[in-house]
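What follows is a single structure, written as structure tokens, with notes after it.
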Amino acid sequence: MTAKSMMPYVEGNSAIRAMFEEGARLAEKYGKENVYDFSLGNPSVPAPEEVNTAIMDILREENTLMVHGYNQSNSGYEDVRQVVAEHINRLQGTNFTSENIIMTVGAASGLNVAIKTLLDPGEEVLAFAPYFVEYGNYAKNHGAQLKAVPADTETFMPNLKLMEEMISENTRAVIINSPNNPTGVIYGEDTLKELARILEQKQQELGREIYIISDEPYRELAYDGAGVPYVTKYYRNTVVCYSWSKSLSLPGERIGYLVLPSEMDDFENAVQAANIANRVLGYVNAPTLIQRTVARCIDCTTDIDVYDKNRKTLYDGLTDAGYDCVYPAGAFYMWVKAPGGDDKAFCAKAKQHNILVVPGSSFACPGYVRIAYCVSYDTIVNSLPGFKAVMEEM
Ligand code: PLP
């Protein structure tokens, strides 16, 4: 018999599977080009050619046993971690070394390693609604519990006042995500300073550490030259979870890293615990060929102009049609108020126009929908009459 604890996931998953199946059914019936699938955060810009070249070069030039072997350390290749540390230092003026970096199987594994490293079963992690739905599952994986801080629907910046009220002697961490999935907002310096101030004060008051887990797969996707402040500079008890899934369009390769600053409390133990968590959670080490690849491509970037063009066209089209949208400063998602207020009803109506979007309920924030605009430009343009019709019908 399948574990009872998995059955709620199985039941929850049927909604997601139904959406995929519906997309496939619509594509078959109306033709793929006539279905506007905005449901997935899968990059639409191909990985830079340098990535493919680097993979070929590594296979030709480097020791095959090493390239395909287990890593000596579960934290990853020492030289790769040093390249990553120096890269962050160059961009952020920080002072990291390989000691501060642990290579991970994408941000998803980084988050799991971070939670297992920092939280004991029964402890709580806070996240700001709307948030990436897997956070709750990741917390549960380790016997921890996620508590949602209700959204500030004026700005969709973290609701720090409510967070302050929700912190208890059981709170061990706060997850933040900027640029944000699903809203596209970027947390500015003032927000981070205030967040740090509150957490410092709460640490003092409660006499225990409260960590920030900063989930940053969209760090490089910031438009109009917007800066994305580096969280460790504001709060030393921060663990950064980075990923190349979106920044180099490598989501299937499963590669990212954790940053644990030397200044964080209990650094030596935390680094060892994270190294061991990487092993015992079954990741063992981040994929070796791709570790070596990202080290060679450390200065490569994706073509953000493609997403930017989609962003502007979608925003203009939707606002012209009467939608109330957050103009995204980063990532590749548009966060839109569901006309009529019922996000699920809106998604169902949109589907009648071959438009697939995700209800805000999936991000602990009903009443809104997420449109992932990492799609072809034609998909954006051709979907706009459908969005207009849905607005009229709602
Ligand atoms: N965090 C957020 C906010 C995401 O949107 C995603 C993926 O979409 C992840 C984490 C997981 O990313 P990765 O592919 O690096 O595991």
Side-chain angles (χ1 to χ4, degrees), residues 16 19-20 37-45 47 51 76 84 101-116 125-141 146 148-149 151 156 158 173-187 212-222 228 231 239-259 277-278 281-283 285-287 290-291 293-294 302 307 326 328-335 357-358 360 362-365 370-375:
I16 297 170
M19 184 135 143
F20 282 137
D37 188 348
F38 296 100
S39 62
L40 279 183
N42 212 2
S44 54
V45 176
V51 170
V84 169
I101 309 296
I102 293 184
M103 302 303 292
T104 62
V105 184
S109 90
L111 287 159
N112 273 279
V113 168
I115 292 170
K116 189 167 179 66
V125 55
L126 302 181
F128 297 97
Y131 60 81
F132 180 55
V133 66
E134 299 287 24
Y135 293 158
N137 295 328
Y138 298 162
K140 239 191 271 173
N141 285 345
L146 182 138
V149 180
F156 287 103
V174 178
I175 300 181
I176 61 172
N177 169 224
S178 167
N180 186 266
N181 172 14
T183 62
V185 302
I186 294 177
Y187 302 172
I212 292 179
I213 299 174
S214 181
D215 180 26
E216 306 191 353
Y218 302 96
R219 165 163 285 282
E220 262 65 59
L221 304 188
V228 184
V231 185
V239 172
V240 175
C241 302
Y242 183 84
S243 160
W244 281 277
S245 288
K246 321 286 173 168
S247 62
L248 285 187
S249 300
L250 296 174
E253 302 298 352
R254 313 306 306 134
I255 187 74
Y257 61 78
L258 289 180
V259 181
N278 225 6
L281 289 175
Y283 307 123
N285 54 243
I290 305 301
Q291 280 191 56
T293 305
V294 290
T302 194
Y307 299 129
V326 176
F332 41 45
Y333 306 105
M334 192 86 61
W335 186 242
V357 296
V358 183
S362 303
F363 303 90
C365 192
R370 186 195 78 173
I371 304 174
Y373 58 83
C374 44
V375 294

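Since we're looking at a predicted model, the values are computed, not measured. Basis for what follows: all heavy atoms, side chains included, without hydrogens, waters or symmetry-related copies. Just so you know, ligand 1 is whichever comes first in the structure, and atom 1 is the first atom listed for that ligand.
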(request) Provide the closest heavy-atom pair for Tyr373 versus Gly330 in the form atom of the first, atom of the second, distance. (result) OH-O, 4.3 Å
(request) For atom 2 (C) of ligand 1, grab the closest protein heavy atom and report residue, atom and distance to one decimal in Å. (result) Asp215 OD2, 3.3 Å
(request) Note the single closest protein heavy atom to atom 6 (C) of ligand 1, along with its residue, its atom name and the distance in Å. (result) Phe132 CZ, 3.5 Å
(message) Within the 3.5 Å criterion, strictly below it, is a donor on Tyr257 or Gln291 matched to an acceptor on the partner's side chain?
(response) no
(message) With a cutoff of 4.0 Å, is Trp244 in contact with ligand 1, counting heavy atoms of the residue only?
(response) no
(message) Return the closest protein heavy atom for atom 16 (O) of ligand 1 as residue, atom name and distance.
(response) Arg254 NH2, 2.7 Å
(message) Rounded at 0.5 Å granularity, tell me how far CD1 in Ile213 sits from CG in Leu126.
(response) 10.5 Å
(message) By the definition side-chain contact (heavy atoms from CB on, under 4.5 Å), identify the one residue from Thr183, Asp215, Val228 that meets it with Ser178.
(response) Val228
(message) Just checking Tyr333 against Phe38, ring centres under 6.0 Å apart?
(response) no
(message) For the aromatic rings, using the six-membered ring if either is Trp, is the centroid distance between Phe128 and Phe156 under 6.0 Å?
(response) no
(request) Check if Pro217 has a non-hydrogen atom at a distance under 4.0 Å from any atom of ligand 1. (result) yes
(request) Ignoring angles and geometry beyond distance, decide whether Tyr333 reaches within less than 3.5 Å of ligand 1 through its nitrogen or oxygen atoms. (result) no
(message) I'd like to know whether ligand 1 has Lys246 as a neighbour, heavy-atom separation below 4.0 Å.
(response) yes
(message) Checking a contact table here: which protein heavy atom is nearest atom 14 (O) of ligand 1, and how many Å away?
(response) Ser245 OG, 2.7 Å
(message) Which of the numbered atoms in ligand 1 are under 4.0 angstrom from any heavy atom belonging to Tyr135?
(response) 3 (C)
(request) Check if Tyr131 has a non-hydrogen atom at a distance under 4.0 Å from any atom of ligand 1. (result) no
(request) Mark up the atoms of ligand 1 that fall under 4.0 Å of a heavy atom belonging to Tyr218, in ascending order. (result) 3 (C), 4 (C), 5 (O), 8 (O)
(request) Would you give the length of the straight line joining atom OH of Tyr283 to atom CE of Met103, rounded to the nearest 0.5 angstrom? (result) 15.0 Å
(message) Using 0.5 Å steps for rounding, measure from the OG atom of Ser214 to the CG atom of Leu258.
(response) 11.0 Å
(message) Between Tyr135 and Phe132 (judged by ring centroids, cut-off 6.0 Å), do the two rings come close enough to count as a pair?
(response) yes
(request) Taking Lys140 for its side chain and Leu146 for its backbone only, find out whether a donor-acceptor pair lies under 3.5 Å. (result) no
(message) Give the atom numbers and elements of ligand 1 that come within less than 4.0 Å of a heavy atom of Asn177.
(response) 3 (C)
(message) Considering non-hydrogen atoms of the protein only, which is the closest contact for atom 11 (C) of ligand 1, and what is the distance?
(response) Ala108 N, 3.9 Å
(message) For ligand 1 and Ser243, I'd like to know whether there is a polar contact (N/O to N/O, distance under 3.5 Å).
(response) yes
(message) Does ligand 1 come near enough to Ser109 that some N or O of the ligand is less than 3.5 Å from an N or O of the residue?
(response) no
(message) If you measure every N or O of Ala107 against every N or O of ligand 1, does any of those distances drop under 3.5 Å?
(response) yes
